[in-house]
Amino acid sequence: MTKPIIEMKNIEKHFGSVIALSGVSLDLVPGECHCLLGDNGAGKSTLIKTMSGVYKPTAGEIYFEGKPLDLKDPRDSISIGIATVYQDLAMIPLMSVTRNFFMGNEPVKKIAGISFFDHKTANEITMAKMREMGINLRSPDQAVGTLSGGERQTVAIARAVHFGAKVLILDEPTSALGVRQTSNVLATVDKVRNQGIGVVLITHNVRHAMAVGDRFTVLNRGQTLGTAKRGEISAEELQYMMAGGQELAQLESSLGSTV
Amino acid sequence: MTQSQQTKSVNDERVKQRSRFHQALIRPELGGIFGTILVFFFFFLTARDSGMFSPTGVMNWSIVSAQFIIIAVGACLLMIAGEFDLSVGSMIGFAGMSIALLSISMGLPIWLAIILTFILCMAVGALNGWLVIKTGLPSFIVTLAFLFILRGLTIFSAIATTKKTIIGGVRDAAEGDWLAPLFGGKVLAGLFTWMGENGWIETFSRGIKKGQPVIEGIPMLIIWAIVLIIFGHLLLTKTKFGNWIFASGGDARAASYVGVPVKRVKILMFMFTAFCACIFATAQVMEFGSAGADRGLLKEFEAIISVVIGGALLTGGYGSVIGAALGALIFGVVQQGLFFAGVESSLFRVFLGVILLLAVILNTYIRRMITGER
């Protein structure tokens with residue numbers, strides 16, 4: 001097995017008297033899709049926010065490419081190649097696709113000593129990258145608001161990859177999407193993984209996880225319930241672990257089908 | 001034909017191709033362009049014989065429009081960055097009084113008074129921005145507080161030092177100063193004299209100015225307005241920083257997650273708005289030769305209205321400097337035009353309210369079209 005690109009060891013995070021994470025360990029190797037599963041409040045979001053530098057862990061260590069990592073803010077993580085795509089904060093709807101794509105990383109060209117936004121280059125790169133990802137834009141100045149939810153996620157993923165992400169964290173990319181859009185996003189995840197980028201995919205939908213995941217880690221009440229490889233675990237078992245057993249089983253029998 | 005088929009097959013079949021009309025409609029300036037044409041057309045029909053379109057008439061509404069443009073450019077960039085500044089009007093009074101007090105009461109040279117005032121005003125702008133960022137309060141509230149604080153300080157400082165609310169004598173003090181003509185001077189005087197000599201524009205027929213053209217030159221106020229439009233437009237649409245302005249107003253959190261320095265952008269825009277207010281104030285003080293504690297009243301609203309007529313969204317993230325400038329032009333032309341047309345001037349406010357309402361409704365509709373909301 002290749003060496004992990006990012007390793008989180010016994011991460012704890014307390015918010016005042018609330019213990020959000022109590023000793024979670026997770027590692028990610030390049031080119032894998034590691035699914036992080038868990039019900040609401042399990043600590044998934046807290047964990048990825050510590051990974052992307054939004055929160056500082058109360059205890060525990062993070063290693064990036066074998067070296068200890070100390071993130072002060074989200075910018076630090078972006079600069080070393082940890083990119084996060086948030087579900088609803090990925091894109092700004094009123095701005096064009098190009099402006100969104102290069103937001104914070106605008107290409108410039110100098111005219112008479114003044115740096116100007118190089119719209120031509122930016123538009124060309126955007127169109128090319130979007131075509132690679134299977135999205136055909138009417139024009140690069142089309143507003144992101146006209147894209148579907150799945151396309152927006154794809155633009156955000158393409159952006160992260162273009163700017164050299166080694167680790168891509170996707171926060172519930174499929175939770176608000178329809179069936180076809182979901183499969184498009186999952187196909188994008190597969191493309192990205194094949195380029196050797198480590199993907200952390202957060203979801204509470206077991207079927208989406210089973211579709212692309214190489215490894216699965218289940219969180220419950222701030223603790224890891226274990227990590228399993230693809231093929232070692234069935235969807236039912238994952239579902240059971242996520243929901244914490246018993247109660248769901250009772251509910252399922254009363255509903256007469258699987259939730 | 002083949003091409004249109006190709007694009008059709010490539011696009012999602014449920015996304016309707018937009019007509020050219022719709023595409024043109026989502027340009028933020030469109031309302032402004034349309035309104036400007038309409039306003040000129042209207043006054044050309046109703047006030048053509050009143051002298052509104054004579055050289056002096058044109059100069060009259062151009063100066064008023066230029067004043068609106070100067071504060072509208074600042075308000076426009078700030079609004080696109082997602083914030084408001086309601087203290088612009090008070091800032092104008094404050095800046096004017098500061099120049100007069102520093103030069104007339106304290107005896108500093110005018111150029112130093114102007115420079116110190118610019119620094120002071122931009123510092124207040126930065127404080128506005130810093131408070132908005134630090135407290136997370138809406139800029140509406142923070143700058144509303146400064147509307148009162150600055151106005152109060154202006155009146156107090158004038159009365160406490162000179163026992164007057166209007167301080168005159170600035171024009172005499174500015175005589176021979178190197179910086180003052182940059183705000184109060186006129187350019188291209190030679191061109192107008194030449195045009196007068198050739199009989200292309202009217203000249204005074206009697207009095208001490210006999211033979212001189214009725215227009216001495218283009219006031220620096222108009223030059224400032226043009227420079228600010230060009231600067232603002234280039235900054236917003238053609239630079240990296242412009243993209244950050246859009247991003248900060250569009251969604252501050254999304255922008256900061258990808259590394260846009262949202263706080264810096266917003267504070268700088270508050271400072272730029274203060275800078276614009278200061279230009280307005282300095283030019284006004286130079287023109288009148290005096291500073292008054294009540295100057296600039298309601299200017300903040302006039303600036304915001306110009307920007308909204310120009311197609312910017314009140315919620316930020318969308319707008320255009322050209323549009324704001326056209327909004328200000330409409331504002332100036334109508335205000336002066338009603339006077340030329342002999343219409344009761346109180347109707348100007350009625351017009352203002354109506355056009356503001358129409359602009360906001362149109363903008364909401366445009367935003368829905370861009371974002372595809374229903």
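A, B, ... follow the sequence lines: proteins, then strands. Residue 1 opens every chain.
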Q. In terms of heavy-atom contacts, does CZ of A:Phe15 have more than 12 from other residues, nucleotides or ligands at under 6.0 Å?
A. yes

Q: Supply the atom-to-atom distance A:Asn105 CG to B:Lys240 NZ, rounded to the nearest 0.5 angstrom.
A: 7.5 Å

Q: Check whether any side-chain N or O of B:Asp251 sits under 3.5 Å from a backbone N or O of A:Ile92 as a donor-acceptor pair, and report yes or no.
A: no

(Q) Could you report the tightest heavy-atom contact between A:His119 and B:Thr237, atom names first, then the distance? (A) NE2-O, 2.7 Å

Q. Looking at CG of B:Leu234 and CZ of A:Phe117, how far apart are the two atoms once the value is rounded to the nearest 0.5 Å?
A. 14.5 Å

Q. Are A:Glu106 and B:Thr239 close enough that some pair of their side-chain heavy atoms sits under 4.5 Å apart?
A. no

Q. Side chains of B:Leu313 and A:Leu94: closer than 4.5 Å at any heavy-atom pair?
A. yes

Q | From A:Ser115 atom OG to B:Phe241 atom CZ, the distance as rounded to the nearest 0.5 Å | A | 13.5 Å

Q. In this structure, are over 12 heavy atoms from other groups packed under 6.0 Å from A:Lys191 atom NZ?
A. yes

Q: Write down the atom of B:Leu236, the atom of A:Arg99, and the distance for their closest heavy-atom approach.
A: O-NH2, 3.8 Å

**Q.** Contact origin within A:Phe102 toward chain B - heavy atom pairs under 4.5 Å
**A.** backbone

Q. Which heavy atom of A:Met103 sits nearest a heavy atom of B:Ala254, and at what distance?
A. CE-O, 4.2 Å

Q) What residue, out of B:Ser256, B:Ala247, B:Gly250, B:Gly317, has the most heavy-atom pairs lying under 4.5 Å from chain A? A) B:Ala247

